[in-house]
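First up is the structure itself, then whatever we jot down about it.
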Amino acid sequence: MKNIAVIFAGGTGRRMKSVSKPKQFLELNGKPIIIHTLELFENHPEIDGIVVACLEDWIPSLRKFIERFDISKVGSVVPGGETGQESIYNGLKAAEKTYGEDCNVLIHDGVRPLITFETISDNIEALRKYGNALTCVPATETCMLTHPDGSVSIPSRKDSLIVRAPQSFRLKDILSAHEMARNDNRTDFIDSCSLMNHYGHKLHPIMGPVENIKITTPADFYIFRAMMDMHENKQIFGF
């Protein structure tokens, strides 16, 4: 079964407060964030193809970057939607059209460039065993749940995980859930695991790297830059 990365990069980056370009096109070391992300999947031997859902006005720029940085596995680039949910749906439909329904999809944020090869491999292995995988990190602070009646509850920290990405599924399963959401006129699912949980799928967590952050604010970008410097120094100097 093919493993397809579905990368959504449709956000405008209002919290980044960049006036010149969307956050996924901000550059570090002469390379846009989205390309840093795509290279992780491009270079992984078990990834068979890539689909990108991108801001429509920036698709020509993305195609130029894909060619410039020799990203050969991208089989389709499609416009994103008004919401993350819609962007993912557009990417999934493009994956179905390009690669067929009988494949796995690893759904990933275009602005999460700090995952590892091991994380991708762990997602694929969990897909083989369980049919889905949610990349998580431990909760390092106490979480609070608020309820409609004004009350709150505190889940145990040791039983709490923070879900990040990739979030990986059989394509036919996640597409079916999206179609049900569209029939129910539900457009408010914050991510794929929330959608799949709502429609009754049993989900399987795997642990990923703590540095697997989403670059949303200027502070996140500085963390990304520091992490890249650390990785480069480790390669050069063996730190």
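What you see is a predicted model; the values in this text were computed from it and never measured.
- Counting only N and O atoms by type, the side chains of S72 and E42 include a donor and acceptor under 3.5 Å apart.
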Please test H201 against D173 for side chain to side chain contact (heavy atoms under 4.5 Å, CB included), starting from the C-alpha separation and ending with a verdict. CA-CA 9 Å; H201 289 266; D173 291 342; 4.1 Å; yes
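- In this structure, R186 satisfies the cation-pi test against F189, with its NZ or CZ atom closer than 6.0 Å to the six-membered ring centre and inside 45 degrees of the ring normal.
- Heavy-atom contacts from other residues, nucleotides or ligands closer than 6.0 Å to CD of E179 number more than 12.
- Judged by distance alone, the side chain of S160 and the main-chain N or O of S156 form a donor-acceptor pair under 3.5 Å.
- Panel note: side chain D149, backbone S151; a donor-acceptor pair is recorded below 3.5 Å.
- Here the side chains of K97 and S76 are not in contact, with every heavy-atom distance at 4.5 Å or above.
- Taken from CE in M144 to CD1 in I154, the straight-line distance is 4.0 Å, to the nearest 0.5 Å.
- Side-chain contact between Q167 and D191 is present, with heavy atoms from C-beta onward closer than 4.5 Å.
- Within 6.0 Å of atom CD in E125, more than 12 heavy atoms from other residues, nucleotides or ligands are found, so the atom counts as buried in its surroundings.
- Residue I7 is tested with I34, V74, L40, I88 for a side chain to side chain contact (heavy atoms under 4.5 Å, CB included); the sole match is I34.
- Using a 4.0 Å cut-off between charged side-chain N and carboxylate O, R128 and E46 make a salt bridge.
- Residues E96 and K93 are paired through a salt bridge, judged by an N-O separation under 4.0 Å between the basic side chain and the carboxylate.
- Donor-acceptor pairing under 3.5 Å is recorded for the side chains of R157 and T142.
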Could you check F25 against L62 for side chain to side chain contact (heavy atoms under 4.5 Å, CB included), going step by step and ending with a plain yes or no? CA-CA 8 Å; F25 289 96; L62 178 60; 4.0 Å; yes
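- Residues D102 and M1 share a closest heavy-atom pair of OD1-CE, 3.0 Å.
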Ignoring hydrogens and angles, write down the donor-acceptor pairs under 3.5 Å from the side chains of residues 106-118, residues two or more places apart or on other chains.
from, atom 1, to, atom 2, distance (Å)
H108, NE2, R112, O, 2.8
D109, OD2, R112, NE, 2.7
R112, NH1, N212, O, 2.8
T116, OG1, E118, N, 3.4
T116, OG1, T119, N, 3.1
T116, OG1, T119, OG1, 2.9

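- Between A5 and F41, the shortest heavy-atom distance links the atoms CB-CD2, 3.5 Å.
- Heavy atoms only, all atoms of each residue included: S121 and H44 are closest at OG-NE2, 2.8 Å.
- For the pair S87 (side chain) and F8 (backbone), a donor-acceptor distance under 3.5 Å is absent.
- Rounding to the nearest 0.5 angstrom, the gap separating the CD atom in Q24 from the CZ atom in F65 is 11.5 Å.
- Panel note: side chain T98, backbone A94; a donor-acceptor pair is recorded below 3.5 Å.
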Run the side chain to side chain contact (heavy atoms under 4.5 Å, CB included) check on L134 and H204 step by step: do they pass? CA-CA 6 Å; L134 304 181; H204 181 77; over 6 Å; no
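- Atom CD1 of I190 sits about 9.0 Å away from atom OG1 of T83, to the nearest 0.5 Å.
- With contacts defined as side-chain heavy-atom distances shorter than 4.5 Å, the pair K214/K23 qualifies.
- Counting heavy-atom neighbours within 6.0 Å of D159 CG, excluding the residue itself, gives a total above 12.
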Applying side chain to side chain contact (heavy atoms under 4.5 Å, CB included), run through V52 and V78 and close with a yes or a no. CA-CA 6 Å; V52 186; V78 296; over 6 Å; no
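- In this structure, the side chain of N90 engages the main chain of P79 through a donor-acceptor pair within 3.5 Å.
- Across all their heavy atoms, C54 and V77 have their closest contact at CB-CG1, 4.4 Å.
- The structure places OH of Y89 at 11.5 Å from CD1 of I174, a figure rounded to the nearest 0.5 Å.
- Residues I206 and Y130 are members of separate hydrophobic clusters, defined by side-chain heavy-atom contacts under 4.5 angstrom among Ile, Leu, Val, Met, Phe, Trp and Tyr.
- The two residues K73 and I47 come nearest to each other via the heavy atoms NZ-O, 2.7 Å.
- M180 and F169 fall within the same hydrophobic cluster, where Ile, Leu, Val, Met, Phe, Trp and Tyr residues are linked whenever their side-chain heavy atoms come under 4.5 Å apart, directly or through other members.
- Side-chain atoms of Y199 and D184 form a donor-acceptor pair, as typed in the model, at a separation below 3.5 Å.
- For the pair I124/N104, no side-chain contact is recorded, criterion being any heavy-atom separation below 4.5 Å from C-beta on.
- Both L175 and V51 are members of a single hydrophobic cluster when ILVMFWY side chains are connected at heavy-atom separations under 4.5 Å.
- The CD1 atom of I120 sits 9.5 Å away from atom OG1 of T135, with the distance rounded to the nearest 0.5 Å.
- Side-chain contact, N197 with S194: no donor N or O sits under 3.5 Å from an acceptor N or O.
- Remark: side-chain polar atoms of N43 are paired, donor with acceptor, to backbone N or O of E39 under 3.5 angstrom.
- Taken to the nearest 0.5 Å, the SG atom of C136 stands 9.5 Å off from the CD1 atom of I162.
- Shortest non-hydrogen contact noted between V137 and G208 is CG1-O, 3.7 Å.
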For R170 and N132, what are the C-alpha separation, side-chain angles and deciding distance, and is it a side-chain hydrogen bond (donor to acceptor under 3.5 Å, both in side chains)? CA-CA 7 Å; R170 302 276 189 259; N132 63 67; over 6 Å; no
